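One structure below.
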There are 2 protein chains.
Amino acid sequence: MNTVQYICTIMNKKEIQEQRVKGYFITATKDLLKSDGLKSVSVRNIADRAGYSFATLYNYFKDVKDLVFLCVKDFREECREYVESRTMAITPGNKRLKAIILAYMEYFIQYPGIFDLFFAEKLSDISGKGDTSALITSLLDELCAADWDYCIDMRMLTSREAGLKKAALLYGSTGLLTLYLNRRHPGSYDAFLKQATHFIDSQLKS
Amino acid sequence: MNTVQYICTIMNKKEIQEQRVKGYFITATKDLLKSDGLKSVSVRNIADRAGYSFATLYNYFKDVKDLVFLCVKDFREECREYVESRTMAITPGNKRLKAIILAYMEYFIQYPGIFDLFFAEKLSDISGKGDTSALITSLLDELCAADWDYCIDMRMLTSREAGLKKAALLYGSTGLLTLYLNRRHPGSYDAFLKQATHFIDSQLKS
DNA sequence: TTATATTTTGAACACTGTTCAATATATTTG
DNA sequence: CAAATATATTGAACAGTGTTCAAAATATAA
């Protein structure tokens, strides 16, 4: 084994170990977020769960927000799978669009801490690497993409109309979830579901 | 002066003084919220600005959330006046509805801390006295009420259609503001205004 | 085994909200 | 007016937050 191979092995080993430890912290953060919500996510809680000292966290992440926002990617994927598994059997078009948006909301109702992370927690600095913001706002569009295309192909909608409806449904679902999770409006889950259904129906109509 | 009158005078004086001090704390909190946002609202910051010790605050409010949510009423009134003064000269109907909703959003863009207080900050307990939540969610409806009624009277809308549009505009504006203030989506204020205009137009149409 | 590099860690600092006993002030009574 | 009482104000203390840094533990190199 020559020197270059040797150095590569070393770097690989370091890289692998670093990713492993990072993973422990990320898993701990995700568990905490799902079970106890964003408010109980603290440096010391995370480190305890990961089996390290709180100071160790700062050798792998620049601050706690950096770590917390790294969870977005995994939750985004989880939400995508949650929605897809529940809607792939439905006939394409308006019917499936409605089911997708309802399942999307259902996911956040189930994990309010993830909603807080996605939509309420302030981003730290401007950087944000792969732009977490775009990752969040593009999720619903991505879930609905095939069905919007289907509607456009079937001449049920123009591309322009679809664009307007896409935006309205993103804003509306974000707002409805914000109001329900933070302001208890509407007052009960039944009332929320009713409002959500009415809203989606009215947006998909015509 | 008899005993009853005397006791009343005492109680009045106490009441007046108590309301005065409460007012100092509320004013300090409002100033802090408007200038530096919700994150800089702390017990010690408020008390410093009010000219008291942080411990004094707890003689007048049960906790800091109680105090912070007392500001909602004043800000609600301020927002109402902000919107009304900018839209009362406009001809009733769709045109004014659009202006009202835009001015409403403009107010929160101007004071992001007030938006956080209204829509992001978690309510403490279930009680909430005069239900702060309803105070918040009813504001836009109240601002638009006269114009919805006008549209219904003019046979431009049914009452049922107006109800759907009302809800969609509340959810949509809340969501759009949430995304713009917390996620920088869209990326610039110009793009935000464009999206807001398109959204409102599409909701008011037909 | 010794020397060097790396990782892990607790102490410390400046914050947060909240409670409580001590102090300062105002009011009532003798 | 002076003494006794009631009320208001306050800082110390506690448990929590995020973050930094130098010391200690561990792993790697010579």
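Bear in mind that the values here come from a model prediction, so they are computed numbers and not experimental data. Lettering follows sequence order; numbering is per chain, from 1.
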Nucleotide D/dA25, atom C1' - distance to OH of A/Y52 in whole Å
14 Å
Whole angstroms only, please: what is the OH-C1' distance between B/Y60 and D/dT10?
12 Å
What about B/Y107 and B/F115, are their ring centers closer than 6.0 Å?
no
How many whole angstroms separate atom NZ of A/K13 from atom C1' of C/dT7?
14 Å
Run the side-chain hydrogen bond (donor to acceptor under 3.5 Å, both in side chains) test against A/Q110 and tell me which residues pass, sequence neighbours left out.
A/Y82
Working to the nearest 0.5 angstrom, can you tell me the gap between A/C79 SG and A/D74 CG?
13.0 Å
Once you round it to whole Å, what is the distance between C1' of D/dG18 and NZ of B/K39?
16 Å
Just the rounded figure in Å: distance from C1' of C/dT6 to CG of A/N59.
10 Å
NZ/NE/NH1/NH2 to OD/OE distance under 4.0 Å, A/E84 and A/R80
yes
Atom CG of B/L57 and atom C1' of C/dT16: how far apart are they, to the nearest Å?
14 Å
Between B/E81 and B/R76, is there a side-chain N and carboxylate O pair less than 4.0 Å apart?
no
Less than 4.0 angstrom from a charged side-chain N to a carboxylate O is my criterion; do B/K122 and A/D116 meet it?
yes
Correct closest heavy-atom pair for A/Q203 and A/K165 would be O-NZ, 2.9 Å
Rounded to the nearest Å, what distance is computed from the CD1 atom of residue A/I46 to the P atom of nucleotide D/dG18?
7 Å
Are the ring centres of B/F118 and B/F108 closer than 6.0 Å?
yes
A correct 5'-to-3' footprint of nucleotides 17-26 of chain C, with B, S and - meaning base, sugar-phosphate only and no protein heavy atom under 4.0 Å, is BBBB------
A/Y171 and B/Q195: side chain donor to acceptor below 3.5 Å
yes
When you look for runs of 3 or more Watson-Crick or G-U pairs in a row, both distances below 3.5 Å, which of them include DNA chain D?
C:3-27 with D:4-28
When you measure from the side-chain N and O atoms of B/S53 to the phosphate of D/dT9, is any distance below 4.0 Å, counting only OP1 and OP2?
no
What is the distance, rounded to the nearest whole Å, between atom CG of A/L67 and atom P of D/dG18?
11 Å
